[in-house]
Protein chains: 2
Amino acid sequence: MRKVSESTVARLSMYLRLLTELAASGVTTLASEELARRCGTSAAQVRKDLSFFGTFGKRGLGYSVPELVAALRGILGLERRWRVALIGAGKIGAALMAYQDFRRQGFDIVTVFDSDREKIGREWNGLVVQPDAELKVSLKGMDIAIVAVPAEAAQAVVDRVVAAGVRAILNFAPTKLNVPDDVAVKTVNMALELEGLSYALVNDARRARAVASRPAASRG
Amino acid sequence: MRKVSESTVARLSMYLRLLTELAASGVTTLASEELARRCGTSAAQVRKDLSFFGTFGKRGLGYSVPELVAALRGILGLERRWRVALIGAGKIGAALMAYQDFRRQGFDIVTVFDSDREKIGREWNGLVVQPDAELKVSLKGMDIAIVAVPAEAAQAVVDRVVAAGVRAILNFAPTKLNVPDDVAVKTVNMALELEGLSYALVNDARRARAVASRPAASRG
DNA sequence: TGGCCATTGTGAATGCTTTCACAAAGGGGT
DNA sequence: ACCCCTTTGTGAAAGCATTCACAATGGCCA
């Protein structure tokens, strides 16, 4: 199979979410045009994304919603359940525990770790908090680690996660993580997104001023 | 100024974070090579990213850390403070309120809204929860809205946010939002990231199997 | 059964981003 | 004052991703 870009994979997730919703409300068939419109992309993009993995549509008709849902779940590896460890029993961790959607899609948070003596051994959102000294042994059998610790601690935690054999990490610390090539990392960096909005705000303003001060004939 | 890609802007944020750290520990000068290494990109990329905005380095020497910090803060619009409204007083909202870094970078969450009668009027993380019926009037003067409500409610909330004149939205709902062209939206979609990890896990496994079963001579 | 219409799947073209490669500095040592 | 070494800034080249455009095909209706 040829290499597929991360943006394609991200779009497949979006398609799946929409299609799952539509399937629940009884829609049986959908054309790429409509799928694209509802996901904010183009019909050609939808078809190209899918074409990396096979052929799923019927010409003249579109896609069978239940079939495409099944296909996408297979492609994304969502036919099985994944064992997820949460490292860091703070506010972000609590938000994730509360978010029932993950479980529904096949991600089970089955252990929680923290370094805080006060928290260790206590029940927290239905799980007993484990000492993070135990990280290396207790991570055996985990598929994914969610790192929700302060930035300063993140790299050290990740090193131990990798040493324990976990090959997928969802990182909430605003820092670059160094991992071997065979470990997948996705970082969620909210500060970075806010700064992107800040940039957009000041630059739209700058651009608007620039356009306003240009001779009228050159405006687009 | 010519159009700059979102990935460039995201990298500028990363550079700024690292440089701020280095400045605090007294580093005064840094070459693109080192900056790149520590941010997981290439030296050429760093220089190209910066070149969209001007020339900041000294040939043969590198960049002055404090000067580059100042320049990046200017580019990203972080010299001023931004007024942020949080919509949805749930777990994600609580995590954001607790995250002191935002305030440090210039983002002040100054109002909270919720639709839950139980929460409205109560103090919550230092703010009094406003009824979301008031959204349109109370959003006057806000620069950024953080949408942390269930997916089903998100589009309706966003329509009112836009109507109130807010032009930047940070969205935590796992759904595509429709907004006019002049409104900037960034979506943080944790489910999508997890699915990306799931894909990586099953496909690394698939790829490994494929390589293992190929005749030895064709392995790369 | 046959023709028509809608829609797919996909090479080719376009556009965007990253990397390459090197001339143009600039500082420091002699 | 001059040379050498390092590192920048930037066109050109290479590499990816998206869009275009259309032949291929399947369903439906007469």
Side-chain angles (χ1 to χ4, degrees), chain A residues 1-15 18-19 22 27-69 71-72 75 176 192 196 199 203 220, chain B residues 1-15 18-19 22 27-69 71-72 75 176 192 196 199 203 220:
Chain A
M1 183 179 305
R2 70 180 163 304
K3 179 137 175 310
V4 170
S5 75
E6 295 203 1
S7 33
T8 289
V9 176
R11 281 190 300 267
L12 295 181
S13 283
M14 299 197 322
Y15 305 156
L18 180 71
L19 289 164
L22 292 178
V27 178
T28 59
T29 248
L30 195 70
S32 58
E33 189 66 51
E34 176 73 2
L35 179 48
R37 199 182 51 73
R38 313 245 327 223
C39 290
T41 182
S42 70
Q45 183 75 79
V46 167
R47 299 200 298 273
K48 182 71 80 178
D49 287 340
L50 294 174
S51 75
F52 291 120
F53 299 95
T55 119
F56 304 101
K58 290 199 177 49
R59 289 172 192 233
L61 195 62
Y63 299 88
S64 151
V65 172
E67 275 172 31
L68 192 49
V69 165
L72 288 173
I75 291 165
K176 168 100 217 342
L192 188 141
Y199 175 84
N203 284 286
Chain B
M1 184 179 306
R2 68 178 163 304
K3 180 142 173 307
V4 169
S5 76
E6 295 203 0
S7 33
T8 288
V9 175
R11 281 190 300 267
L12 295 180
S13 283
M14 301 198 319
Y15 304 156
L18 180 71
L19 290 164
L22 292 178
V27 179
T28 58
T29 248
L30 194 70
S32 58
E33 189 64 52
E34 175 72 2
L35 179 48
R37 200 183 51 74
R38 313 245 326 224
C39 289
T41 182
S42 70
Q45 184 75 78
V46 167
R47 299 200 298 272
K48 182 70 81 177
D49 286 341
L50 294 174
S51 75
F52 291 120
F53 300 95
T55 121
F56 304 101
K58 289 200 177 51
R59 292 176 189 227
L61 195 62
Y63 299 88
S64 150
V65 173
E67 275 173 29
L68 192 49
V69 164
L72 288 172
I75 291 165
K176 168 101 216 340
L192 188 142
Y199 175 85
N203 285 285

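We name chains A, B, ... by the order of the sequence lines, and we start the count at 1 in each one. A quick note: this is a predicted structure, and the numbers were derived from the prediction, not measured.
Scanning all heavy atoms of the two residues, the minimum distance from A/S64 to A/T29 falls at CA-OG1, 4.3 Å. Residues A/R47 and A/S32 come closest through the heavy atom pair NH1-OG, 3.1 Å. Here the shortest heavy-atom pairing between A/I75 and B/Y199 reads O-CD1, 3.4 Å. When all heavy atoms are compared, the tightest approach of A/L50 to A/L68 is CD2-CD1, 4.1 Å. Between B/S42 and B/A36 the shortest heavy-atom distance is C-CB, 3.3 Å. Taking every heavy atom of both residues into account, A/F53 and A/L12 meet most closely at CE1-CD1, 3.5 Å.
Within residues 60-69 of chain A, the residues that place at least one heavy atom under 4.0 Å from DNA chain C are, in residue-number order, A/G60, A/L61, A/G62, A/Y63.
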So which protein nitrogen or oxygen atoms get under 3.5 Å of nucleotides 14-20 of chain D's nitrogens or oxygens?
unit_1	atom_1	unit_2	atom_2	d
D/dT18	OP1	A/R11	NH1	3.1
D/dT18	OP2	A/R11	NH2	2.9
D/dT18	O5'	A/Q45	OE1	3.3
D/dT19	OP2	A/S42	OG	3.2

Give the C-alpha distance, both sets of side-chain angles, the deciding distance and a yes or no for side-chain contact (heavy atoms from CB on, under 4.5 Å) between A/E34 and A/Y63.
-> CA-CA 11 Å; A/E34 176 73 2; A/Y63 299 88; over 6 Å; no
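A sub-4.0 Å separation between OP1 or OP2 of D/dG9 and a side-chain N or O of B/S51 is absent.
The base of C/dT8 is paired with the side chain of A/R59 by a donor and an acceptor separated by under 3.5 Å.
Using a cut-off of 4.0 Å between Lys/Arg side-chain N and Asp/Glu carboxylate O, A/E33 and A/R37 are scored as not salt-bridged.
Whole-Å rounding puts the B/E33 CD to C/dC20 C1' distance at 13 Å. Separating the CG atom of B/L50 from the P atom of C/dT18 is a distance of 14 Å, rounded to the nearest angstrom.
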